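Encoded as structure tokens, the structure appears first; notes follow it.
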Amino acid sequence: MGNTDSKLNFRKAVVQLTQKNQKIDNSDEQFWEQFWQAHQTTLEDVFALVTASEIRQIRKDNPANLATLCYKAVEKLAQAVDSSCRTQAEQQCVLNCVRLLVRILPYIFEDDKWRDFFWSNLPAQEQANHGQTVPLAQSLLNAVCDLLFCPDFTVTATRRPGPDKAEELANIDSCEYIWEAGVGFAQSPPRNAHMERRRTELLKLLLTCFSEPMYRTPQQSEEPNKWIAYFTSADNRHALPLFTSFLNTVCSYDPVGFGVPYNHLLFQDTTEPLVEACLQLLIVTLDHDMVVQQQQQQQQQQQQQQLAHASGGVLVTPYDEGGCGDNLFINYLSRVHRDEDFHFVLKGITRLLNNPLVQNYLPNSTKRLHCHQELLILFWKICDYNKKFLYFVLKSSDVLDILIPILYHLNYSRADQSRVGLMHIGVFILLLLSGERNFGVRLNKAYSATVPMDIPVFTGTHADLLITVFHKIIATGHQRLQPLFDCLLTILVNVSPYLKTLSMVASVKLLHLLEAFSTPWFLLSAPSNHHLVFFLLEIFNNIIQYQFDGNSNLVYTIIRKRHVFHAMANLPTDMAGIAKCLSGRKAGGKFNLPRVPQRKPATATTSQELPSAQVPDDYADEEEDEDADDTDVRLEKESVAEEDLESETESHERSQLGDSQLEPGVVLTAQPAEPGTLKTSLLDTPDIGQMTEREQAHPNEKLELGSPSAGGAKSVSPTPSREDQTRLSVAHRGSIRMVPGDGDRWTPTPEWIVSWRSKLPLQTIMRLLQVLVPQVEKICIDKGLTDESEILKFLQHGTLVGLLPVPHPILIRKYQANSGTTAWFRTYIWGVIYLRNVEPAIWYDTEVKLFEIQRV
């Protein structure tokens with residue numbers, strides 16, 4: 001009953017604050033105490049008792065009252081620190097102030113005039129301190145950081161023997177009170193649910209303080225975030241224990257525990273909200289000040305150019321530890337170096353990332369986490385800031401424990417437009433990893449299907465899984481994923497020189513992509529579409545030149561699809577030919593491209609038509625049309641049948657291998673977002689040329705980076721620029737479908753086609769076809785073969801040593817930090833945090849400017 005009365009008083013006090021022109025004196029302690037004394041209001045209560053319109057009304061009509069309320073609340077927190085927050089009444093008062101500030105702060109940031117309020121000096125404060133003042137924001141951050149290591153409030157007190165009293169909070173060495181064992185700390189303190197809840201509440205306040213960038217436009221978001229700058233600077237005496245507490249709390253969390261079924265339904269887990277708050281604070285604080293970063297990049301580029309000029313080659317400078325400004329969180333992260341620390345962090349992240357993939361015979365019996373986006377961002381940032389950690393990850397097959405959950409999320413989210421950001425972060429991580437040789441090597445490990453995915457079942461390696469999922473994304477993904485196509489193919493280019501053996505499924509998928517992207521009308525319908533073909537040809541050249549021996553499946557598929565390469569070499573360059581290619585468009589604007597293989601009865605083959613590859617049973621590609629234009633324009637009924645082609649093929653493949661592999665989980669098919677799902681807008685995907693830097697895998701080779709490799713083929717495929725990225729649109733199901741962009745109608749010229757057609761790196765493949773096709777046809781005629789296994793056997797034992805052009809240098813496109821990606825990440829991170837904090841929804845009814853909130 002008493003609590004109800006005090007809530008009523010609290011509500012009355014709020015109403016009183018809104019009275020127009022009624023300024024309440026800051027010395028009226030009895031009035032102000034109603035907000036934080038003698039009641040226990042939860043955060044949800046505060047959100048219900050203080051409405052958005054009331055806060056805006058106070059801000060507009062009674063700004064002095066709002067200023068006093070904020071000042072008094074921060075003052076209360078500072079007083080609690082001074083008295084070491086020992087009594088229960090004080091602790092409740094602290095929590096009430098914290099909840100009130102979480103409610104009010106977004107409305108302070110929302111108004112441009114108020115944004116610097118917390119960084120200004122208050123007149124009353126100046127008089128009391130004789131002109132020497134600390135901004136209110138610093139007082140608030142200092143108090144919250146102190147309270148996060150407060151014995152008997154947020155940490156367990158270490159009882160000292162003897163007559164010594166409990167330590168004063170201001171003098172505590174917080175390094176002794178790190179929340180969890182792990183990096184830099186060995187003892188694991190006992191768990192306490194109440195303390196975990198209080199930490200979570202204080203961390204929610206920190207997150208709210210740091211959310212100021214949400215109220216700036218993307219252009220303004222480059223301005224330094226003063227809150228984070230102070231929190232991660234040497235002025236915060238708790239910076240190191242806070243960083244290690246956050247990191248260790250996340251990486252030591254085990255949501256399954258002893259594995260007791262349904263334990264998460266019986267007991268409330270107070271650790272999960274704490275882990276999520278720590279994760280979100282980590283990804284927000286590990287953020288470069290972009291202005292500083294751009295200046296550093298310009299300096300680095302100048303140094304690089306001088307070094308490159310001096311040595312006559314291209315040099316890439318490693319990440320500069322001293323170049324991360326004063327952000328101690330980035331500094332500490334970049335200096336972690338012990339293998340046991342790396343092992344602890346990697347195991348923690350993989351444990352949590354793999355949690356949604358765990359299969360159980362009892363439905364919903366294990367706890368499911370939803371923080372995979374934050375985990376992927378954290379993994380990205382650790383790899384980006386600590387290259388030793390990246391090399392540790394790639395040193396063993398542990399990297400595959402990161403790869404599989406990423407591919408799972410990419411595959412499952414491809415049709416859902418509310419998960420476009422998740423698709424991007426997954427692809428960006430794979431791009432970062434693919435820049436290292438070891439990643440390509442690790443992909444050769446055999447893959448056993450433990451995770452249910454709606455992809456063809458195959459027997460092969462993790463490389464086959466990667467290619468199959470990428471094909472799924474391109475062929476059946478949401479159309480907003482088009483800007484990622486360059487990234488997806490760049491990843492495959494980077495790993496291709498190291499892939500020892502591709503399965504028939506993966507080989508057919510790669511050829512299908514080439515067939516789709518090399519269709520004449522598509523090549524000519526936008527100024528950058530031919531770049532995709534360059535990437536794919538580079539993949540084939542790398543495998544043929546460096547991994548020919550184990551890749552008979554791919555070689556055989558190339559031979560069967562040889563007409564695709566001949567058609568590319570003979571692309572028309574006269575106006576009549578160009579017009580004929582472009583006239584293949586249907587009135588509706590959507591076009592179906594060649595299909596993924598479909599099943600048909602095996603028939604005796606002639607020397608002109610080779611036996612079809614088994615994928616994994618007697619699959620045959622559709623009949624090849626001799627006329628290229630007929631390939632482009634499909635009959636209506638064929639295009640309808642094509643819609644369900646992928647799913648048909650896959651269900652057949654599953655039935656061939658039996659469903660035993662897929663038990664106990666049910667395969668989750670990629671579904672579009674539920675209507676009404678909230679999503680936040682993202683910045684444009686950074687251009688692949690801006691995100692990567694070309695580098696030779698073996699710099700001691702004599703060939704220069706830009707020089708054409710032997711045979712006159714360009715070894716460098718052009719990098720698309722932002723201006724000419726008119727891209728294709730993709731249907732939800734069935735084959736790849738393209739729609740020209742909305743930009744100006746593009747008109748190809750003969751000169752433009754000649755300019756890039758002459759650079760298509762076809763020499764290696766044409767030489768391979770020239771040597772092998774006659775041999776394979778001869779075997780077919782001599783032995784009357786109708787089954788390809790004999791041909792595959794012949795190709796396995798064949799060799800092209802001395803017959804192919806001189807191998808080209810292996811080119812790797814390494815990710816490089818750039819302002820475009822930094823800005824993209826900042827928008828994405830705050831969008832994730834906005835959508836994930838819903839109980840209560842801290843930022844929902846405020847005027848956010850960094851992104852738009854949209855309903856699907």
Side-chain angles (χ1 to χ4, degrees), residues 489 492-493 496-497 499 502 507-508 510-520 522-524 530-549 551-573 577 581 594 607-610 613 621 624-628 631 703 707-718 753-780 791-792 794-795 798-811:
L489 294 185
L492 295 181
V493 170
S496 58
L499 305 182
L502 290 183
S507 303
V508 169
L510 279 178
L511 261 294
H512 178 244
L513 289 178
L514 182 70
E515 198 174 2
F517 290 143
S518 65
T519 309
F522 172 64
L523 279 175
L524 305 185
H530 62 282
H531 296 149
L532 299 170
V533 170
F534 273 83
F535 283 132
L536 284 159
L537 290 175
E538 196 174 340
I539 293 167
F540 295 135
N541 286 339
N542 281 342
I543 294 175
I544 292 166
Q545 289 280 21
Y546 293 100
Q547 299 291 348
F548 177 82
D549 288 351
N551 275 298
S552 53
N553 286 329
L554 182 67
V555 172
Y556 181 66
T557 314
I558 288 172
I559 292 172
R560 287 204 65 249
K561 289 283 184 184
R562 57 195 179 281
H563 68 281
V564 176
F565 301 97
H566 292 302
M568 252 188 294
N570 298 316
L571 195 71
T573 54
C581 288
S607 61
Q608 281 72 37
E609 187 58 51
L610 300 179
D621 285 19
E624 331 293 14
D625 275 323
E626 289 303 313
D627 185 349
T631 309
L703 277 160
S707 68
S709 56
K714 282 274 183 193
S715 60
V716 181
S717 66
I753 296 175
V754 170
S755 73
W756 59 262
R757 193 188 76 169
S758 60
K759 295 172 187 168
L760 283 171
L762 286 165
Q763 281 76 5
T764 301
I765 294 169
M766 290 306 193
R767 183 73 184 128
L768 174 142
L769 293 173
Q770 190 186 350
V771 173
L772 292 180
V773 170
Q775 294 180 15
V776 172
E777 287 185 343
K778 186 172 184 302
I779 292 174
C780 286
I791 301 169
L792 287 170
F794 163 73
L795 291 173
T799 178
L800 290 177
V801 174
L803 297 172
L804 293 177
V806 178
H808 54 277
I810 296 173
L811 273 182

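Computed from a predicted model, the values in this text were never measured in an experiment. The chain is numbered in sequence order, starting from 1.
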Inter-residue atom distance [X].[atom1] - [Y].[atom2], 0.5 Å rounding:
{"X": "Phe540", "Y": "Gln545", "atom1": "CZ", "atom2": "CD", "value": "14.5 Å"}
{"X": "Gln770", "Y": "Gln763", "atom1": "CD", "atom2": "CD", "value": "11.5 Å"}
{"X": "Arg562", "Y": "Met766", "atom1": "CZ", "atom2": "CE", "value": "11.5 Å"}
{"X": "Trp756", "Y": "Phe534", "atom1": "CH2", "atom2": "CZ", "value": "7.0 Å"}
{"X": "Ile544", "Y": "Leu554", "atom1": "CD1", "atom2": "CG", "value": "6.5 Å"}
{"X": "Leu511", "Y": "Ile558", "atom1": "CG", "atom2": "CD1", "value": "6.0 Å"}

Is the shortest heavy-atom distance from the side chain of [X] to the side chain of [Y] under 4.5 Å?
{"X": "Leu502", "Y": "Asn553", "answer": "no"}
{"X": "Leu524", "Y": "Leu571", "answer": "yes"}
{"X": "Leu492", "Y": "Leu510", "answer": "yes"}
{"X": "Lys561", "Y": "Leu514", "answer": "no"}
{"X": "Met568", "Y": "His530", "answer": "no"}

Can you name the residues that form a side chain to side chain donor-acceptor pair (under 3.5 Å) with Ser507, not counting sequence neighbours?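 For Ser507, no residue satisfies side chain to side chain donor-acceptor pair (under 3.5 Å) once neighbours in sequence are set aside.
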Those residues that, when tested against Gln547, pass side chain to side chain donor-acceptor pair (under 3.5 Å) (two or more places apart):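 In terms of side chain to side chain donor-acceptor pair (under 3.5 Å), with neighbours along the sequence ignored, Gln547 is linked to no residue.
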Taking every non-hydrogen atom, the tightest pair across [X] and [Y]:
{"X": "Pro807", "Y": "Tyr546", "answer": "CB-OH, 3.8 Å"}
{"X": "Phe517", "Y": "Leu536", "answer": "CD1-CD1, 3.6 Å"}
{"X": "Ile765", "Y": "Phe565", "answer": "CD1-CE2, 3.6 Å"}

Not counting sequence neighbours, which residues clear side chain to side chain contact (heavy atoms under 4.5 Å, CB included) with [X]? List them please.
{"X": "Leu772", "result": "Phe548, Val555, Ile559, Leu768, Gln775, Leu795, Leu800"}
{"X": "Thr573", "result": "Ile753, Val754, Arg757"}
{"X": "Ser496", "result": "Ile539, Asn542, Ile543"}

Okay, side chain of Glu538, backbone of Pro761: is any donor-acceptor separation there less than 3.5 Å?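 Answer holds: no.
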